[in-house]
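Written out below as structure tokens is the structure these notes cover.
Below, chain A is the first sequence line, B the second, and so on; all start at residue 1.
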Amino acid sequence: MLNFDPEKLKKDFPIFNQEINGRPLIYLDNGATTQKPNQVINEIRRYNETSHGNPHRGAHQLSIRATEEYDNAKEKVKSFINAKSIEEIIFTRNTTESLNLIAYSYGMEFIKENDEIVIAISEHHSNIIPWQKVAKDKNAILKYMYLDEEGRIPIDEIESKITSKTKLVSIAHMSNVLGTIHPIREIIERAHELGAVVVVDGAQSTPHIKVDVQDLNADFYVFSGHKMLAPMGIGVLYGKKELLENMPPFLTGGDMIEYVYEQDATFAPLPFKFEAGTQNVEGAIGLGAAIDYLQSVGLNEIEKYEKFLVEYALNKILDIPYVNIQGPKDLSMRGGIISFTIDDVHPHDISTILDSYGVAVRAGHHCAQPLMRYLELPATARASFYLYNTKEDIDQFIEGIKNVRKWLGYGS
Amino acid sequence: MLNFDPEKLKKDFPIFNQEINGRPLIYLDNGATTQKPNQVINEIRRYNETSHGNPHRGAHQLSIRATEEYDNAKEKVKSFINAKSIEEIIFTRNTTESLNLIAYSYGMEFIKENDEIVIAISEHHSNIIPWQKVAKDKNAILKYMYLDEEGRIPIDEIESKITSKTKLVSIAHMSNVLGTIHPIREIIERAHELGAVVVVDGAQSTPHIKVDVQDLNADFYVFSGHKMLAPMGIGVLYGKKELLENMPPFLTGGDMIEYVYEQDATFAPLPFKFEAGTQNVEGAIGLGAAIDYLQSVGLNEIEKYEKFLVEYALNKILDIPYVNIQGPKDLSMRGGIISFTIDDVHPHDISTILDSYGVAVRAGHHCAQPLMRYLELPATARASFYLYNTKEDIDQFIEGIKNVRKWLGYGS
Amino acid sequence: MDLNSIYTQLIMEHNKSGHNKRALCNPDVCERGHNPSCGDDITLELKLNGNIIEDASFEGVGCAISQASTSMMIDLIKGKTVDEALEMVEKFLGMIKKEITDEKELEKLGDSIVLQNISNMPARVKCAVLSWHTLKEAVS
Amino acid sequence: MDLNSIYTQLIMEHNKSGHNKRALCNPDVCERGHNPSCGDDITLELKLNGNIIEDASFEGVGCAISQASTSMMIDLIKGKTVDEALEMVEKFLGMIKKEITDEKELEKLGDSIVLQNISNMPARVKCAVLSWHTLKEAVS
Ligand SMILES: Cc1ncc(COP(=O)(O)O)c(C=O)c1O
Ligand SMILES: Cc1ncc(COP(=O)(O)O)c(C=O)c1O
């Protein structure tokens, strides 16, 4: 059984003290961004009211406190994903910037003509376009792994695409459209055997399942704070120390240097080499507080609970004949994301109509146009869950779904 | 006379409700980062508690509110610096990222072999290293304008360095070490006559003096929120529309695209083209609130008041024989920054000792090592003022300065 | 926001009927309009006789709002001169922006007057105006 | 934080006296140590006789803490063997990290025991340990 009470936990989140269109807010857009508990909101306030300074730059109290709190947040991230040391943890703005950093720094330095970069057709645009740029600039080749009818990457697809020509594989741990949890262990093993490095886009996984970067043996692992109860404007790049050490800096400027001469500069050791300019200290502290919160509930509990919610929702949805579901049927291969369509109704209308029932879901291409084209869908609606969602949320969601077609003049 | 009461205004800033080492906090490190008024802290909380969603991505209420608030913040920035339209306002992480964006996108695209880039010897590292990288990658030449003994750029230095070979000039509006307000009008005119574009680093100016980008005719203008009462993790890049339109994207990924195909992508119109991934909405909203606050006081009033503080402080400091001041003597050429040294005392000891008096100043190279080398100083101490500082703060600061040498065993 | 004021009988009918959703043979004007962010993608086709829009149709995918708005626009402009059609576009955009509120004026917009309140749903405004912008592109 | 516990008489004297701040003629070992972030920059010179540190000195710039710490270290290691000196370094670093607190043990550190409380000033720890790290680099 669960060790937490979702109803009680929901009370930590002030956003739910309001009605949307006269109904209680049912927030099912957690794949896009998540809400913040008081514990995070209050930490940011506390920092701003008592300890704000520019870290690493001063010998006065506030600067010292800001430095300690920033470093402390980094320690929390390190433990959270089980990195070896804080030298392997770089704070960025978001997943997108983390991926761009790898592409600009690692990609532009180590990918050469005719080398192959392998990604999946289901990647988020942030894990596609940076590689298109590297491929174009370096005359390298960008290859796609395609999915089976349940949205999984077949083993033979992995084996035929990742070859001795492959220099880099970049893959989402969990698809933000299909909810598929990709076989990244197998992908990493295969890639390492053939000498390629693997970037894991953990934007959707880190908030929802226990991630251990050493156990996975990922070379790079990236995620965003705002999808895991933390503020916007803070993201993480994990990279193995040997790799980060050999990479050139990406953004340059204050704080990432050792000595600066008129025509040349030498750079600070890790992790500072990759953190140019004044960092988002309050974002980092908020992320630290979010990690504390998630760990107090327990990532394994969260994962278990979300599986329960998905199962509960899927069972109800599968009873509705005109609703179509994307992604794996096998619950062990998916996370708390359900992409769906309704016959004769465009997903944007679904989203607008559900909104009038207080239910927030997303509609569109979910920043995954190549996947949409591959699925031959112009768009889908997507419900994505988190620890504060309840069975009643799902009931309300299903209730809303059942009304959608009526609004558009189709007998239910 | 002043239209605001600094004592009263200080009460808006909760950070001052505390003692540091048993003394009231005197915060004179505003050049590094500034404190936040309740008006900003409360806005961030309000957003998090009522309106947080991922903007530009959803048709549900929270996403719509987040979009409106984000766009509204951008409108405020636009008016604040008098840009022509919000298409010219890009939100970034900080000044450093804004400068890197220009260097990577404009610089790497339009600077060619043997072209010249001109900066001043007093630039912040963030306005040096990105240009070193462009110069190296493109075989272009990075040239420095040097300063006179009062820290000003002489006209003949401008004329001899900015020539028909110059393609780009990048210059701080106000030096973060010397407080010098550089003659950017003259620099921009000269550069434009010769066909070069001008980047203005407004990190130190925007918070303290009224900036009108159209009046200045700057091509690019950049600054950071955290130095103007706003949160960390939000910065601004202003660029003229014609220039931004012709520049390739820098960071790529979600939200900055139009269509994404497997091997290619087309990009969204301005300003979205340069805003990849989930943006820092709460940072933008905090910046909007900070702008409201600054405008309610009035930038001209702030500038006038800071001049008063600097004059008051300089008069007292110049009476102390063993304190040496950097930068212009002429008050009309400087902002609220005083860099100083004390005979026989290293600046780090100054900072530590002043801290024990509750006075926060910075010591070090202030991310301007080439300037320090040019001035033949290993470091300086720096006091930098803002609207919440008072005459009494300065008195306390001077009191502290007078005690520094005693602690190191020199008769005062 | 009142769903009834958006998903009206008229919108439903235009969305479902598809009486303007077909290909024209040899159109004189063919213009694609799209909202990349939501995936609405229509192609507008016009047959001109001198200055008169003799026939019009559209093809493509999109939500009920964009499909109905397009269909209603086509009903409105058929048989009109290009200049009259452009005037309609301005009137429609003016209505959406709440710049034109005079009932008499708006009546000239026919069925599409039902989209008057779409600005209460900012995320859907783009859907409503897509075809009108496309028409403007097509003939000006 | 109590300034008195940092800026002690001893620190002041070592900082001012400069009795170890000079150049050695033909040193056997010469090692530069620096803290880029605060600008402390010292060069440590040693004269060895077999395994014995016969003479030692330093040059360079830095704050009172780094200058005094360097000077105190030099007083301590002169005449010692390299191994004894390295042992001192470990003891000193252990003291700074608060891992070694036993008074008897710490007494062996001579004057530099006054830096015991520098960890109350985290921004200055780097200044205190600079020369000790430099010595370690130089001889190991
Ligand atoms: C003149 C100047 N330029 C650039 C910067 C860099 O700003 P940030 O650290 O916010 O990127 C600063 C402040 O540190 C500055 O004073
Ligand atoms: C799988 C995946 N990758 C990358 C991203 C981009 O994250 P962000 O917008 O925070 O940079 C997202 C979320 O939008 C995502 O779901």
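Ranked by heavy-atom pairs shorter than 4.5 Å toward chain B, the options A:His52, A:Met256, A:His125 are led by A:His52. Heavy-atom pairs under 4.5 Å with chain A were tallied for B:Gly283, B:Gly233, B:Gly235; the largest tally goes to B:Gly233. Chain B forms the most heavy-atom pairs under 4.5 Å with one residue out of A:Glu49, A:Gln18, A:His365, and that residue is A:Glu49. For the set A:Gln35, A:Glu262, A:Gln279, the entry with the most heavy-atom pairs within less than 4.5 Å of chain B is A:Glu262. In terms of heavy-atom pairs under 4.5 Å with chain A, the best-connected choice from B:Met372, B:Lys136, B:Lys133 is B:Lys136. Annotation: maximal heavy-atom pairing with chain A below 4.5 Å, among B:Pro370, B:Gly253, B:Ser51, B:Ala368, occurs at B:Gly253. Contacts with chain B were tallied for A:Leu25, A:Asn38, A:Thr34; A:Thr34 has the most, counting heavy-atom pairs under 4.5 Å. No other option in A:Phe250, A:Tyr27, A:Phe16 has as many heavy-atom pairs under 4.5 Å with chain B as A:Phe250. Residue with the most contacts toward chain B among A:Leu354, A:Asn48, A:Val40: A:Asn48 (heavy-atom pairs, distance under 4.5 Å).
Looking at A:Ile257, the atoms closer than 4.5 Å to chain B (heavy atoms on both sides) all sit in the side chain, from C-beta outward. In this structure, chain A has a heavy atom under 4.5 Å from the side chain of B:Arg65, while its backbone stays farther away. With a 4.5 Å cut-off on non-hydrogen atoms, A:Gln132 touches chain B through its side chain but not through its backbone. At a 4.5 Å heavy-atom cutoff, the contact between A:Phe91 and chain B is made by backbone atoms alone. Contacts of A:Ile15 with chain B are made by both backbone and side-chain atoms, with heavy-atom separations under 4.5 Å. With a 4.5 angstrom heavy-atom cutoff, A:Tyr144 touches chain B only via side-chain atoms. With a threshold of 4.5 angstrom between heavy atoms, A:Asn94 approaches chain B through side-chain atoms but not through N, CA, C or O. The parts of A:Tyr259 that come within reach of chain B are both its backbone and its side chain, each placing non-hydrogen atoms under 4.5 angstrom from that chain. Proximity to chain B involves both the backbone and the side chain of A:Asn42, based on heavy atoms less than 4.5 angstrom apart. A:Asp264 touches chain B through backbone and side chain together, each having a heavy atom under 4.5 Å away. Neither the backbone nor the side chain of A:Phe13 comes within less than 4.5 Å of any heavy atom of chain B. Within the 4.5 angstrom heavy-atom criterion, only side-chain atoms of A:Arg373, from C-beta onward, approach chain B. With a 4.5 Å cut-off on non-hydrogen atoms, A:Val361 touches chain B through its backbone but not through its side chain. Both the backbone and the side chain of B:Gln263 come within less than 4.5 Å of a heavy atom of chain A. Only the side chain of B:Ile128 comes within less than 4.5 Å of a heavy atom of chain A; its backbone N, CA, C and O stay farther away. For A:Ile20, the part sitting under 4.5 Å from any heavy atom of chain B is the side chain, from C-beta outward, and nothing else. At a 4.5 Å heavy-atom cutoff, the contact between A:Ile121 and chain B is made by side-chain atoms alone.
Using a 4.5 Å heavy-atom cutoff, the side chains of A:Arg382 and A:Leu28 are not in contact.
In this structure, OG on A:Ser351 lies 11.0 Å from NE2 on A:His346, to the nearest 0.5 angstrom.
A donor-acceptor pair is defined here as one N or O able to donate and one able to accept, closer than 3.5 Å; such a pair exists between the side chain of A:Ser126 and the backbone of B:Gly254. Here the side chain of B:Ser122 pairs no donor or acceptor atom with the backbone of B:Leu371 at under 3.5 angstrom. Remark: the backbone N or O of A:His56 is paired with a side-chain donor or acceptor of A:Thr67 at under 3.5 angstrom.
Applying the salt bridge (Lys or Arg N to Asp or Glu O under 4.0 Å) test to every pair with at least one member in residues 31-43 of chain B, sequence neighbours left out, gives these pairs: A:Glu282-B:Lys36, B:Glu43-B:Arg46.
For the 3.5 Å distance criterion, the side chains of A:His124 and A:Asp201 fail to qualify, holding no donor opposite an acceptor.
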